[in-house]
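Numbers restart at 1 for each chain; the letters A, B, ... are given by sequence-line order, proteins then strands. Any value given below was found using the heavy atoms of this structure, including those in side chains, with hydrogens, waters and symmetry copies removed.
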Number of protein chains: 2
Amino acid sequence: MSGNIRQRLRDEIENEILTGHWVPGHRLDEVALANRFGVSRTPIREALLQLSAAGLIEVRPRRGAIVASVGAERLIEMFEVMAELEGLAGRLAVRRHTDADMKAILETHEACRQAAEAGDSDAYYYENERFHFAIYHAGHSQFLFEQCSALHRRLKPYRRLQLRVRNRVAKSFAEHEQVVAALTAGKEEAAGRALHDHVAIQGERFSDFIASLSHARSSDMRQSAAAKT
Amino acid sequence: MSGNIRQRLRDEIENEILTGHWVPGHRLDEVALANRFGVSRTPIREALLQLSAAGLIEVRPRRGAIVASVGAERLIEMFEVMAELEGLAGRLAVRRHTDADMKAILETHEACRQAAEAGDSDAYYYENERFHFAIYHAGHSQFLFEQCSALHRRLKPYRRLQLRVRNRVAKSFAEHEQVVAALTAGKEEAAGRALHDHVAIQGERFSDFIASLSHARSSDMRQSAAAKT
DNA sequence: TCGACGACCATTGTATACAAGTTTGTTGAC
DNA sequence: GTCAACAAACTTGTATACAATGGTCGTCGA
């Protein structure tokens with residue numbers, strides 16, 4: 001139970017950020033975190049530096065670490081890259097999937113269907129994640145799997161918010177159906193395109209979506225600034 | 001001149017790895033590095049952890065850090081992803097490039113031509129890098145630029161080795177010509193495909209290439225093991 | 001009353017000390 | 001002679017102390 005402490009800290013802090021519990025711009029106080037987790041500053045610092053290397057936080061020399069703020073343009077860029085990688089994963093999945101891979105994909109697809117029909121966006125959010133990971137896995141490229149996973153996790157909070165938009169769950173599932181159809185038919189290009197568009201469509205709608213989000217954030221910051229005084 | 005020490009250490013160590021000065025599997029001794037750079041273990045550890053987050057080294061709890069060994073399959077996977085991202089960068093460059101972007105691309109292209117005609121593979125290696133970065137830049141996607149840069153740097157040593165293969169420089173330049181032609185003609189898909197294939201072709205040839213590389217490495221290790229006794 | 005300069009305090013960066021674990025070498029027994 | 005077990009030394013992980021810097025608050029002057 002040593003050496004894993006840093007790992008645990010990294011995961012906990014990462015989780016706080018990815019769940020949106022800490023707003024972008026939120027300052028990460030080393031001593032406060034050390035007290036909270038009952039450790040010294042050293043492992044905290046090491047965890048923070050790892051997170052900074054992953055791009056989740058920004059460390060400004062002598063001025064502490066803050067949760068990285070992801071601007072609208074950058075978010076769109078990230079979805080753009082994600083779309084490209086998902087497309088690749090889809091094509092590779094068609095070429096390389098085993099029976100077990102396809103079984104896993106179809107199972108998660110069915111779980112998505114149930115969540116979608118129940119109108120349960122939180123359940124859909126969870127099953128959707130499993131569906132995509134099943135496809136990454138079926139591509140049989142460890143590196144691509146890691147890249148996709150990292151980006152997927154990074155975009156998690158925004159994806160979750162978007163699923164709450166009216167009808168988005170139903171549309172998302174319809175897109176999944178196309179993906180599955182192409183996969184089972186063994187149509188490489190179609191599967192790639194379907195997955196690409198499935199992700200890209202989310203990025204494309206973000207221009208206006210972000211506007212409301214950054215609005216909410218600025219009110220949050222006003223709130224926390226007021227609480228500080 | 002503080003807080004940059006860690007950055008400097010990170011870059012120095014990263015450089016040692018990327019230039020192939022330290023073989024995969026090489027153990028990174030914290031005190032040795034601390035002595036070498038004239039600092040304490042703390043900033044060394046922090047630099048190492050950042051590198052581990054970037055995937056350049058592996059840290060095994062209580063057992064120290066080693067230079068990550070990149071297996072043949074993984075290397076091919078990385079080129080596969082790189083090809084995909086370069087393709088995207090090419091297509092975006094067609095859509096979004098400014099006059100200055102195109103000027104930069106053509107300039108580096110000409111520099112490549114001169115190096116290729118001179119048969120100077122080292123110069124070509126350098127100019128080739130600038131050429132690709134110019135294209136990443138022309139895509140006007142900060143995130144994509146970062147992803148491409150990181151992967152490009154990561155694959156640097158292998159690319160350099162490959163350029164020494166007979167005729168590879170000439171063939172590489174011929175591929176660049178196609179890329180430039182598609183870019184100037186404004187053909188998005190063609191540019192994307194040309195760049196994709198330009199990178200993918202390198203990965204595809206690695207199966208046999210790696211065999212000789214790992215052979216050379218094992219003889220290196222025998223050598224260093226002999227030197228140790 | 002507003003702005004600028006200075007001092008103090010809070011927080012980060014680095015070093016060192018201490019604890020815990022892994023590896024290696026030596027010794028003994030089979 | 002070889003294998004195993006124990007011990008010591010070396011290496012990593014964590015805590016704490018100290019140094020350095022940036023921000024903030026207060027005071028003084030215009």
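Across all strands, A:Val31 comes closer than 4.0 Å to no nucleic acid atom at all (heavy-atom distances).
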Is there a side chain to side chain contact (heavy atoms under 4.5 Å, CB included) between B:Gln147 and B:Phe143 once you walk through the steps? CA-CA 6 Å; B:Gln147 294 294 107; B:Phe143 184 72; 3.7 Å; yes
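A straight line from CG of A:Leu33 to P of D:dT14 spans 16 Å, rounded to a whole angstrom. In this structure, the CZ atom of A:Arg41 is 16 Å from the C1' atom of D:dG13, given to the nearest Å. If you measure from atom CG of A:Asn4 to atom P of C:dA20, you get 16 Å, rounded to the nearest angstrom. Distance B:Arg6 CZ to C:dT14 P: 6 Å, rounded to the nearest Å. Between B:Leu28 atom CG and D:dG13 atom P there is a gap of 12 Å when expressed in whole angstrom units. Residue B:Leu9 contributes atom CG, which lies 14 Å from atom P of C:dG13 at whole-angstrom precision. For the pair A:Arg10 CZ and D:dG13 C1', the interatomic distance rounds to 17 Å; values are reported in whole Å. Here the P atom of nucleotide C:dG13 and the CZ atom of B:Arg8 are 16 Å apart, to the nearest Å.
Remark: B:Glu84 pairs with A:Arg91 by the salt bridge (charged side-chain N to carboxylate O under 4.0 Å, His left out) rule, at least two apart or across chains. The salt bridge (charged side-chain N to carboxylate O under 4.0 Å, His left out) check on A:Glu30 picks up A:Arg41, A:Arg45, with sequence neighbours excluded.
For DNA chain D, the neighbouring residues in residues 44-58 of chain B, judged by any heavy atom under 4.0 Å, are B:Arg45.
Using a 3.5 Å distance cut-off with no hydrogens or angles, the side chains of B:Gln142 and B:Glu146 do pair a donor with an acceptor.
A side-chain hydrogen bond (donor to acceptor under 3.5 Å, both in side chains) with B:Asn128 is found for exactly one of B:His176, B:His109, B:Arg160, namely B:His176.
The aromatic rings of B:Phe145 and B:Tyr136 stand perpendicular to each other, their planes meeting at an angle above 60°, with 30° marking the opposite boundary.
With hydrogens and angles left out, the side chain of B:Arg62 and the base of C:dA20 share a donor-acceptor pair within 3.5 Å.
Each of A:Arg63 and A:Val39 was assigned the nucleotide of DNA chain D with the nearest heavy atom; the assignment lying further toward the 5' end belongs to A:Val39.
Annotation: B:Arg74, atom CZ; neighbour count of heavy atoms from other residues, nucleotides and ligands within 6.0 Å is above 12.
Closest to the side chain of A:Arg27, from the set C:dT14, D:dG13, C:dT11, is C:dT11.
Look at B:Thr42 and you won't find any side-chain N or O under 4.0 angstrom from OP1 or OP2 of C:dT14.
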